[in-house]
Amino acid sequence: MSSRESLPYTVIGGYLGAGKTTLLNNLLRNADGLRLAVLINDFGDINIDAELIEHQDGETISLANGCICCSLADGFLLALNKLRERADAIDHVVVEASGVSDPVRIGQFGAILGYERAGVIVLADAADVREKATNKYVGELVQRQFQGADLVVLNKCDLVPQAARVELLAWLGQLAPNARLLESSNGQIPLDVLLGVYRDPSRIADDADSMDHATAYERWSFVSSEPLERKRLEHWLSELPDGILRAKGVVNLLDSPRERTVLQCVGRRCNLTPGAAWGDEQPATRLVFIGARESMSRSAFEEQIAALTR
Amino acid sequence: MSTQHADTIYFNGPIVTMVDHRPEVEAIAIASGRILRTGEKAYVLETATVETLFVDLGGNTLMPAFIDAHGHFMNALQVVTWANVSGKPVGPVGSIADIIDVLKAHVERRKLGPGEWIVGYGYDRTTLSDQRELTRDDLDPHFPDNPVMLIHVSNHGAVLNSAAFGAFEIDANTPTPAGGVILRKPGSEEPAGLIMETAFLPVFGNMPQPTEQELLDTFPAAQEIYASKGITTVQEGATHAKDLALLRTAANQDLLYLDLVSLPLIFEVPAMLREYFPDSSGNGTVVPDAATEHFGAYRNRLKLGGVKFLNDGSPQGKTAFWSKPLLTPGPDGQQNWRGEPTVPPELLNKAVKEIAGKQIQLWCHCNGDAAIDMLLDAVAEAGITASDDRRDVVIHSQFVRDDQLDAYLKHGISPSFFTVHAFFWGNLHIENLGEERGSRLSPMRSAIDRGIRCSNHNDFSVTPVEPMRMLWSAVTRTAREGNVIGPQERISIWEALKAITIDAAWQYHEEDHKGTIEAGKLADLVILDKNPLTVPNDELLSITVMETLKEGQTVYRNAG
């Protein structure tokens, strides 16, 4: 790819009507400074205010906020390939998986072309997903889509009573045992949950107790100069409560004292990969976790993670 | 009423009219590109003048030119510049030495200089007597200065030589991507030649693309692929917006000497509407009335025949969509696999209603019976009936059930079958679906017995352009291995000929102009060295086209 590390790449999947378009529209409008490249099946679906559009040519729409929107009409591989040429002007790629495609497969293609998989997110329409899952034509396909997801979003929750939601979540949990679940009512999901924590982890100390009271999400952060033991960290990560959706940061590992170890978690998938050397910088662990509010008590979190350093 | 004067009169050979009640005539006269008169020699001769050209067929057979009921003309533009390294009977290759010969001849014919790409298609290790994969070491000594890429018959891989590996920077340090194959030399990491799947995708996607002018330059040779086999009406059966632009350019430059019917893909229709009808206020799913008049009429030999829908994939690739599972695992090893639709039924229903409501013909690719069920649901919801005489076509209709054939009659749907599948993949279908379902591929007998008009096609470039093989497969249904696939579905040679002449014309709503030899119709004709109606079945495959005429003009003449 380009001179920087690979571009992160997120797949948004889900059957027709699950809310992908609304979610993508929201993303484009509220990118909050992130320069997104959104790949969608047809421009006709996207509803962008004319004033936001800076430039449009055939296959690409450029927005005033630095985002671009590309059509998948010419095929997916071609679109992804072309994006690599603009990699320096993009922070994150988001691909809409068509209603009948396999989002995991689309995720795999991204990896082949050198993008870094940041998540496969599959939406379910709370009002009709059960019915779709038994449709004689697409039932199996709908169920299969959830299987490879990192995050499953039960969308349009406002249309369905509480008891039904609980049941749906249990059912989805069975279909997608490797995913983490969250609820949403109109595709309004915080950027960092959807795309992965994007705030600079070195500033985490400043955000230490960041909790956005207005949303259903909470953040837990951890900073320490004590090194962590790898196996114990991996074990603890695998046992995180169900509500924890994302994590990102830099770890100072006992067995890799000279270099950073980068942590990325989406759903239940956690990866620890070698990063840049510490050099002259003082090694320190800085991590942020995002999840549904009250998934974890702060005291339990602090205790458990601190225990990893001893 | 004055008698027109004949430009040409044909006689002295079987003249097969493809008219049921009068299958053969003694002579015909052509004038101004149309059939002037047919019948007994004396009667036809009445139209002769001193200027009339008399063509003595010398025992050769004259009949209506064949009509391509489904295929992909855009592939012909590509194939013309590529070398055919397929195994027999699709190509001339039986060994690695044959491949080298083919490529050398190709370089000479196309006058390729150093650095220019040599691309081949149809490579398949199982066709080589050497019983091993072709490697870069076989290619390099003969082609040191040209990148060579021989595309695998599956289209999922290729064999590269050193110059090609260099161009793509693939070497011993290149890791094999997940889901891909890079064959390495024994005891080393150096790529040997063959790359497949995910290793091949970026290579294929980054191949140098021809310029528009280079593509336009291939139009004569691309049409010759069809004309040399007696075909004068060709289909481009899955047209993308870019392709349509090229075809229109070619048509407007008078590069078409055959008739070309394009079927724009439904996925591309919104983009096409935005381009050609930017003022229409619809959001791309509504077809403006002004667009409708562009369908159904030729302009400079190019016609938009209707809109192409795609409900499922391919049966041999296990991406068709069936109502019951296969006996074998899915493409990724799935159990109880029955394939998948390529479009949600809600969208299909909506699109069918919209397109049908605008009086545009539907051409829907369906291989598995569940894909056909989806289409029938959509057609029923749109209120389409046989009395509309729309003649919507199901392309392939490979595994159609009897109850679905009954539904075809009710809605006026006409299948375009693909009987050469019996030869190429018949036993594979039986392996995947079992004897009962698998052997019933392209059930032309069952369809014709119900009074359903149907055509037969090659789907170029999935199989080569070979009308004789289509005839042979429809009447014998013999597999490559020699056994017969569903003998109860065999049809007569007359029925098989109709499927590539008058019934194919009927599907295009052109039966008034093409498909039979009758006064008033276009003089689209083919001269064959033997009569398909009288030769033993196996001799059908050796029938040769001597000449092809489009509206009375020779567009192909056999030099041999």
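To find a chain, count down the sequence lines: A is the first, B the second, and so on, and within it residues start at 1.
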Is chain A contacted by the side chain of [X], its backbone, both, or neither, given a heavy-atom distance below 4.5 Å?
{"X": "B:D373", "result": "both"}
{"X": "B:W337", "result": "side chain"}
{"X": "B:S323", "result": "neither"}

Going by ring-ring contact (aromatic ring centres under 6.0 Å, His included), name the residues that satisfy it together with B:F267, two or more places apart in sequence or in a different chain. none
Picking from A:V100, A:V138, A:N135, A:L80, which has the most non-hydrogen pairs under 4.5 angstrom with chain B? A:V100
Between the side chains of B:E354 and B:K350, is the shortest nitrogen-to-carboxylate-oxygen separation below 4.0 Å, so that they form an ion pair? no
Residue, of B:P177, B:P344, B:P345, that accumulates the most heavy atom pairs under 4.5 Å with chain A: B:P344
Sequence neighbours left out, cut at 3.5 Å: what donor-acceptor pairs do the side chains of residues 105-113 of chain A make with other protein atoms?
residue	atom	partner	partner atom	Å
A:R105	NH2	B:D332	OD1	3.3
A:R105	NH2	B:D332	OD2	2.8

Please check if any side-chain donor atom of B:Y408 sits under 3.5 Å from a side-chain acceptor atom of B:S397, or the reverse. yes
Go through A:D150 and A:R180 one step at a time and tell me if the side chain to side chain contact (heavy atoms under 4.5 Å, CB included) criterion holds. CA-CA 6 Å; A:D150 296 315; A:R180 294 251 159 92; over 6 Å; no
